[in-house]
Number of protein chains: 2
Amino acid sequence: MSTITSIRQAVPDRDDLAEDGGSSIYERLRDDIIHGRVKANERLKVAELASRMGTSTNPVREALQQLRGEGFVIMTPNRGARVRPIDEEFVRDICEIEVLIEPALTRWFVGIVTKADIEELERLQEEIEALNFGDEMKHSNLDLQFHRLMYDRHYNRHAVDLWVRHRHILWAISRGFQTSLSRQSNVLDEHRELIACIKAQDADGASRAIARHVEGSGRHIIERMRLEKRNA
Amino acid sequence: MSTITSIRQAVPDRDDLAEDGGSSIYERLRDDIIHGRVKANERLKVAELASRMGTSTNPVREALQQLRGEGFVIMTPNRGARVRPIDEEFVRDICEIEVLIEPALTRWFVGIVTKADIEELERLQEEIEALNFGDEMKHSNLDLQFHRLMYDRHYNRHAVDLWVRHRHILWAISRGFQTSLSRQSNVLDEHRELIACIKAQDADGASRAIARHVEGSGRHIIERMRLEKRNA
DNA sequence: AACTTTCAGATCGTACATTCTTTGTCAATC
DNA sequence: GATTGACAAAGAATGTACGATCTGAAAGTT
């Protein structure tokens, strides 16, 4: 049986950063599922989790219900909760959805973009290139800002929320993964091409560029997952 | 909104239904929110809901957490839950997402369709035409079967779940709405064109047809919502 | 008038009771 | 002797009750 919290307890910061609210039971469970620390389809027993987390059963139950709503666990009446598998198929699935959604968001952005927006994109891109994947956390933040600038003002909050959530999951999965050199240069190329298309008011081109970007990102994550599985 | 996905568990057994006419607490709350029986941003107090549902607070709390995971309520620590507004924007948002997803699912279906599938589609379509919107419930079921036949075998369970969920919401919203005659004839036309394209192995055409179908359906629901709001 | 105090109402956490599932044993039958 | 069936007991999920803690607002004080 996989130890759900043992890994977490080895990392002390979590409790310091946010005394109470930050590292909720929900987040711990969710992270354990996303990172595969609990096996797929493994049963999640409330009493067991409660004792591990050092709380009573109620907070655990509510966290599980939330995770159920988000689809991370599957619950059957009187039979408790099981872990939904987070595997390569899962990544492929959400990437495929993003390949459909992000181009649409990008296309809209091309229609409302201002000179200031483009300057900001270029500034972010310069920062990303200067950093050159030196700090995973910083790069992730910059990349997030880059794409958020394009999507944040979109009227379809639903779609944007979906994107945020999917991105969150993918980021959690790929945290700790090394980015291959070839993927690094592709990322930079794709961003540059994206900016160029936006500048030229080429909605179709931007749409294709972002689709390629998302697809490449998904493929890279899946490859890394395969590598890690082989080493494990 | 959220929705990673969730395998919605089957409709509760007769035991649950036996109680006060309703079903689970979760479904009752969800229905109240979707149908606007609780105002947008209205506060949902657990004690109050519990007494109204005839249970203790714990089941209500868990239902709220699940709804939170699905994005129907917004919770802030120590301050409880509030209703997420289900308005025309909401419908437009999820329809726009479906306009992106369903064509992709349909396109894939064109590639794997068999003669038997087409015959089944035609059979369902005949039934729908014979029924001619006489019974809302039956029509909804037939329409569901029609589209489910196309999507159910798709490998991207994530996308299909998203579709199921969205369809569920839209159906709950539009339950009780009258379908205008013009929309009725459009629905039939769109289905017929869809079948024709599938038969001709015209993926692009099928894709466009389903996009038009979803868009028209969304527009119709929004119009009906406006009408109802005006009458209220 | 602004600040502090107080208190009711609501959320959150703990403990316990109930109900259902699962498992293991034992006996009866083939 | 092996298989199946019933039945009982353990394990786990679900529901109930209650105490602790937090929030928001109305009172009172300077």
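Not measured: the values here are computed from a predicted model. Naming: A, B, ... by sequence-line order, numbering from 1 per chain.
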Rounded off to whole Å, could you give me the [atom1]-to-[atom2] distance for the [X] and [N] pair?
| X | N | atom1 | atom2 | result |
| --- | --- | --- | --- | --- |
| B:Y26 | D:dG15 | OH | P | 16 Å |
| A:M75 | C:dT21 | CE | P | 15 Å |
| B:Q65 | D:dT14 | CD | C1' | 16 Å |
| A:N78 | C:dC20 | CG | C1' | 5 Å |
| A:E48 | D:dA12 | CD | C1' | 11 Å |
| B:K45 | D:dG24 | NZ | C1' | 12 Å |
| A:Q66 | C:dC12 | CD | P | 12 Å |
| B:L49 | C:dG9 | CG | C1' | 15 Å |

Base, sugar-phosphate, or nothing: which does [X] touch, judged by heavy atoms less than 4.0 Å apart?
| X | result |
| --- | --- |
| A:T57 | nothing |
| A:N58 | base |
| B:L44 | sugar-phosphate |

### Query
Under 3.5 Å, is there a donor-acceptor pair linking the side chains of A:E70 and A:Y26?
yes
### Salt bridge present between A:D143 and A:R167 (N-O < 4.0 angstrom)
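Salt bridge flag = yes for A:R167 with A:D143.
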### Query
Where each residue is assigned the nucleotide of DNA chain D containing its nearest heavy atom, which of B:R43 and B:R61 is assigned the position nearer the 5′ end?
B:R61
### Query
How about B:H191 and B:F146: are their ring centres within less than 6.0 Å of each other?
yes
### Message
Check the orientation of A:F72 and A:F90. Use parallel for under 30°, tilted for 30 to 60°, and perpendicular for over 60°.
### Response
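The rings of A:F72 and A:F90 sit tilted, inter-plane angle from 30° to 60°.
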